[in-house]
Amino acid sequence: MKNKRINGNDLIALGYKENHAMGVALKINKKRLGLTKEEMLQKFKDVLETPESFLVDSTFEPLANVLLNIEKIDDELITLNDKPNEYTVYGAENIEEGAKDQMNVAMTLPVTVAGALMPDAHQGYGLPIGGVLATKNAIIPYGVGVDIGCRMALSVFDLPATYLDLEHHKLKKILIDNTKFGAGHSFLKHERSDHAVLDNSLFETNAFIRELKDKAWTQLGTSGGGNHFVEFGVMEFKEKDEVLNIEKGSYLALLTHSGSRGMGATIADHYTKLAKELCKLPFKAQNLAYLDLDSEAGHEYWLAMNLAGDYASACHEMIHVKIKSALGAELLAKVENHHNFAWKEQFNGEEVIVHRKGATPASKDVMGIIPGSMATPGFLVRGKGEETSINSASHGAGRLMSRTKAIKSLSKSDLSSLLADNGVTLIGAGMDEAPMAYKDIHTVMAAQKDLVDIVATFLPKIVRMADDGSRED
DNA sequence: ATGTAC
């Protein structure tokens with residue numbers, strides 16, 4: 001099938017280069033101008049040949065302007081290093097080239113100190129998902145990602161795993177009654193709860209952040225969409241864990257995956273745009289625009305990011321508190337970790353900013369959670385403090401196919417059989433979240449044996465995710 | 001990821 005939309009390769013074929021002119025051209029290309037692909041190609045060809053005759057054209061003037069000034073624009077860009085710093089790729093054989101290409105660009109930034117690519121990596125905006133990047137006093141909004149503070153939280157209860165069979169109906173109802181899914185969805189006034197995070201003084205950082213408070217309140221304790229979930233499952237400890245003080249055995253556990261909802265997304269969008277204005281990088285690196293931590297914008301982003309992280313944590317806490325109370329159970333252990341965030345850490349004797357965009361912190365003895373998919377195990381892990389991975393591990397299995405490909409190619413009956421075979425009850429979710437759309441978690445875990453030890457496994461049994469494209473509550 | 005946007 002012929003692609004009807006012009007892409008970067010079409011522009012290269014016309015003689016465009018991978019620079020800011022192409023960026024502007026692609027932006028114009030997104031507008032619906034009522035022209036056929038052929039007519040658009042001709043326009044782009046004409047503008048490239050005689051930009052001066054388009055300086056009064058309402059649509060193509062910005063492109064003409066960039067083309068006429070491209071040398072000056074290029075001169076004023078921040079220079080990337082010629083060669084990327086070396087970095088380690090874990091599970092390289094199962095990582096798409098696009099993710100490695102993006103990491104290579106990140107490793108040429110003048111602020112980059114070190115990097116690593118986790119075995120679940122795939123292409124994202126700017127830094128790939130599964131990318132870890134240590135920088136010197138600089139923060140990259142797209143190095144954290146759109147869902148700031150996206151994280152995992154695990155509660156292990158003092159109930160045996162058999163509770164899942166015995167009280168299946170009750171548990172399913174608890175999930176439905178105490179969770180809220182879907183992009184844009186929030187709690188009604190009478191459903192809302194308060195949490196100390198709403199009194200966090202970071203909301204007073206500036207007017208922009210202050211205005212996010214109302215939305216944050218309405219969405220507190222909600223889960224959102226995409227790959228986010230709230231699920232009950234079997235937590236299996238094959239031997240006693242001394243640190244958690246949990247005896248060998250199988251327990252009922254609650255696992256949640258979600259982030260900072262609309263609030264974090266708004267912060268990410270705002271500061272990414274600001275970074276792009278303040279930090280002019282060559283075209284291929286523009287989504288890696290960074291802010292100096294000592295600058296006003298950099299400092300503000302750092303505070304806003306930390307607030308979004310606290311907020312995401314509060315959202316998980318609300319869910320776990322409500323569900324624990326509905327269960328009437330006691331907590332044996334609670335483990336949680338961000339996997340989209342940036343931290344100030346020591347690396348090779350100096351303080352660096354470690355961006356983990358879809359990566360689990362794995363410093364020595366630090367516990368983390370690496371989920372599989374809705375029908376494959378997740379893992380409670382303990383970091384080994386491997387410097388080569390910048391004290392990090394994967395944040396999951398990683399996508400094998402894109403959402404669109406999964407929806408097009410995977411069969412619903414195959415998913416049903418897989419769920420049935422594994423004794424999993426699924427509430428909501430689209431085919432893009434089917435386990436077949438993900439890499440094999442065991443291969444991913446094998447690729448990071450040097451990074452984490454497995455403490456216990458989590459088998460999902462009752463899984464709730466956002467409804468498939470529906471707006472229903 | 002988010003209920004958005006040249």
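What you are looking at is a predicted structure, and each value in this text was computed from that prediction instead of being measured.
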Notebook entry, point to check: Whole Å only: how far is the OH atom of A/Y311 from the P atom of B/dA1?
Noted result: 17 Å
Notebook entry, point to check: Under 4.0 Å: is that the gap between some side-chain N or O of A/K215 and OP1 or OP2 of B/dG3?
Noted result: yes
Next item on the list: Answer yes or no: does a side-chain N or O of A/N227 lie under 4.0 Å from OP1 or OP2 of B/dA1?
Entry: yes
Checklist line | NZ or CZ of A/K344 within 45° of A/W302 ring axis and under 6.0 Å | finding: yes
Next item on the list: Please check the phosphate of B/dT2 (OP1 and OP2 only) for any side-chain N or O of A/R261 closer than 4.0 Å.
Entry: yes
Note to self: Using whole Å, what does the distance between atom P of nucleotide B/dC6 and atom CG of A/L26 come to?
What the structure shows: 15 Å
Check: With a non-hydrogen cut-off below 4.0 angstrom, is A/G224 in contact with a base, only sugar-phosphate, or nothing?
Finding: sugar-phosphate
Check: Can we call the ring centroids of A/F60 and A/F44 under 6.0 Å apart?
Finding: yes
Check: Rounded to whole angstroms, how far apart are CZ on A/F341 and P on B/dA1?
Finding: 18 Å
Margin query: Can you see whether A/F203 has A/K213 sitting over its ring - NZ or CZ less than 6.0 Å from the centre and within 45° of the normal?
Written below: yes
Notebook entry, point to check: Nearest to the side chain of A/V146 - B/dA1, B/dG3, B/dC6?
Noted result: B/dA1
Notebook entry, point to check: More 5' along DNA chain B: A/D269 or A/Y142, using each one's nearest nucleotide?
Noted result: A/Y142
Check: So what does A/G225 hit on the nucleic acid, given a heavy-atom distance under 4.0 Å: a base, only sugar-phosphate, or nothing?
Finding: sugar-phosphate
Note to self: I need the CG-C1' distance between A/D432 and B/dA1, as an integer number of Å.
What the structure shows: 12 Å
Note to self: As a test of reading the structure: which of B/dT2, B/dA1, B/dC6 is closest to the side chain of A/R403, going by heavy atoms?
What the structure shows: B/dA1
Next item on the list: Determine the interplanar angle of the A/F208 and A/H270 rings, folded into 0 to 90°, and report it as parallel if under 30°, tilted if 30 to 60°, perpendicular if over 60°.
Entry: parallel
Checklist line | N/O (side chain, A/Q219) to phosphate O (OP1/OP2, B/dT2) under 4.0 Å | finding: no
Check: How close or far is atom P of B/dC6 from atom CD1 of A/I28, stated in whole angstroms?
Finding: 14 Å
Margin query: From CE of A/M263 over to C1' of B/dT4, roughly how many Å is that when rounded to an integer?
Written below: 18 Å
Checklist line | Sidechain N-carboxylate O distance under 4.0 Å for A/R399, A/D120 | finding: no
Item checked: Euclidean distance, atom CG of residue A/L127 to atom P of B/dA1 [Å, nearest integer] -> 16 Å
Check: Rounded to whole angstrom units, what separation is found between the OH atom of A/Y125 and the P atom of B/dT2?
Finding: 15 Å
